[in-house]
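Excluded from the calculations below are hydrogen atoms, water molecules and symmetry mates; all remaining heavy atoms, backbone and side chain alike, are included.
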Amino acid sequence: MSLKRKHIGVAFTGSFCTYEKVFCELEKLVNEGAVLQTIFSDAAGKTDSRFGKADDFIKRSEKLTKSKPIMTIAEAEPIGPGSLFDILVIFPCTGNTIAKLANGITDTPALMAAKAHLRNNKPLLISISTNDALGMNMKNIGLLMNTKNIYFIPFGQDNPKTKPNSMVAHTELLIPSLEAALEGRQYQPVIC
């Protein structure tokens, strides 16, 4: 399947340590001819960290996508009525966002984008990045894995020795995961 001219929403949440890998994969999507629109959660859009400044990430996304990112809940709400995306990916998706999504909470632009997008029965792809995937968030991941139209980029433990509950998506599998989700199937194996 070609991703050329596919409209892909990309929602950033606060797992800043993964942003460099995320941007590398987004460049590949642009090179394939996909049309990207970024959405920033409140944390992603306002928090400076040791991995970079929020304004720099926003500017980088604008340069890559040639469009202004969605930064508020009010800006994200029209995604549903307008059926703006073929697919939405939360890239990266923190444990906080996973928990809220699994429990129907829509208090950030990223979560409103997900809720608005899912109302159209279109695929939502999740790229987990959380220190508690094998702890408190395991139940939420399980709930989402059994939810219609929700798919995952394959993921695994990133540091089992010092962070035994932590899991992160294999971001290099973004493109095949998008293609599979657009066909209504989960890219396998999901845990690797």
query: With a 4.5 Å heavy-atom cut-off, do Pro164 and Leu134 have their side chains touching?
result: no

query: Counting N and O atoms only, with roles assigned by atom type, does the side chain of Thr13 sit under 3.5 Å from a partner on the main chain of Pro92, one being a donor and the other an acceptor?
result: yes

- request: Test Arg60 against Glu20 for salt bridge (charged side-chain N to carboxylate O under 4.0 Å, His left out), laying out the working first.
  value: CA-CA 11 Å; Arg60 188 171 178 186; Glu20 194 55 43; 3.0 Å; yes

message: Set out, in order, the CA-CA distance, both residues' side-chain angles and the distance that settles side chain to side chain contact (heavy atoms under 4.5 Å, CB included) for Lys6 and Val35, then state yes or no.
response: CA-CA 6 Å; Lys6 293 290 184 188; Val35 179; over 6 Å; no

- prompt: Do Leu182 and Leu36 share a hydrophobic cluster (ILVMFWY, side-chain heavy atoms under 4.5 Å, transitive)?
  reply: yes

- line: Here the pair of heavy atoms bringing His7 nearest to Leu84 is CB-O, 3.6 Å

Check: Gly52 main-chain N/O paired with Asp56 side-chain donor or acceptor under 3.5 Å: no

field: Side chain to side chain, Asn149 and Lys122, heavy atoms closer than 4.5 Å
entry: no

statement: To the nearest 0.5 Å, atom CD1 of Ile8 lies from atom CG of Asp86 at 7.5 Å

- line: One should read off an interatomic distance between Met71 CE and Phe40 CZ, to the nearest 0.5 angstrom, of 6.5 Å

field: Check: Leu178 and Ile87 side chains under 4.5 Å, non-hydrogen atoms
entry: yes

- prompt: Does a sphere of radius 6.0 Å around CE in Met145 hold more than 12 heavy atoms from other residues, nucleotides or ligands, not counting ones at 6.0 Å or beyond?
  reply: yes

message: Measuring only between side-chain heavy atoms, which start at C-beta, is Phe152 closer than 4.5 Å to Leu144?
response: yes

message: Under the criterion side-chain hydrogen bond (donor to acceptor under 3.5 Å, both in side chains), I'd like the reasoning laid out for Ser67 against Thr65: C-alpha separation, chi angles, the key distance, then a yes or no.
response: CA-CA 5 Å; Ser67 66; Thr65 66; 3.2 Å; yes

task: Taking all non-hydrogen atoms of both residues into account, name the closest pair between Phe16 and Ala43 and its distance.
output: CZ-O, 3.7 Å

- prompt: In Å and rounded to the nearest 0.5 Å, what is the CZ to CD1 distance from Arg119 to Ile79?
  reply: 11.5 Å

- prompt: With a 4.5 Å heavy-atom cut-off, do Leu111 and Thr97 have their side chains touching?
  reply: yes

query: Do you know which two heavy atoms are closest between Thr38 and Pro69, and how far apart they sit?
result: OG1-CB, 3.2 Å

- request: For Asn137 and Asp132, test the side chains for any donor-to-acceptor distance below 3.5 angstrom and give the result as yes or no.
  value: yes

query: Going through the distances and angles, do Thr108 and Lys100 end up as a side-chain hydrogen bond (donor to acceptor under 3.5 Å, both in side chains)?
result: CA-CA 10 Å; Thr108 73; Lys100 289 179 178 183; over 6 Å; no

- prompt: Atom CG of Leu26 and atom CZ of Phe91: how far apart are they, to the nearest 0.5 Å?
  reply: 5.5 Å

field: Which atom of Ala44 lies closest to which atom of Ala54, heavy atoms considered
entry: O-CB, 3.8 Å

query: Within the side chain of Glu77, is there an N or O that forms a donor-acceptor pair under 3.5 Å with the backbone of Ala116?
result: no

task: Tell me whether Ile105 is reachable from Met136 by hopping between hydrophobic residues (I, L, V, M, F, W, Y) whose side-chain heavy atoms are closer than 4.5 Å.
output: no

query: Should Lys59 and Glu62 count as an ion pair when the cut-off is N to O under 4.0 Å?
result: no

message: Taking the side chain as everything from C-beta on, heavy atoms only, tell me whether Glu32 gets closer than 4.5 Å to Lys4.
response: no

message: So Ile90 and Leu125, do their side chains get closer than 4.5 Å, heavy atoms only?
response: no

task: For Asn120 and Gly80, work out which heavy atoms get closest and say how close.
output: ND2-O, 2.9 Å

Test side chain to side chain contact (heavy atoms under 4.5 Å, CB included) applied to Tyr19 and Phe57, step by step: CA-CA 8 Å; Tyr19 280 20; Phe57 292 126; 3.6 Å; yes

- prompt: Taking the six-membered ring for Trp, is the centroid-to-centroid distance between Phe12 and Phe23 below 6.0 Å?
  reply: yes

query: What distance separates Leu101 CG from Thr147 OG1, expressed to the nearest 0.5 Å?
result: 8.0 Å

field: Heavy-atom side-chain proximity of Pro154 to Ser177 below 4.5 angstrom
entry: yes

query: Roughly how far, to the nearest 0.5 Å, is the OG atom of Ser129 from the CD1 atom of Ile153?
result: 11.0 Å

message: Against Phe155, only a single residue in Thr171, Ile141, Val168, Thr130 fulfils side chain to side chain contact (heavy atoms under 4.5 Å, CB included); can you say which?
response: Ile141

task: Specify the closest pair of heavy atoms between Gln37 and Phe85, including all atoms of both residues, with the distance to one decimal.
output: CB-CE2, 3.6 Å

query: Among side-chain atoms of Asn159 and Ser166, is any donor-acceptor pair under 3.5 angstrom?
result: no

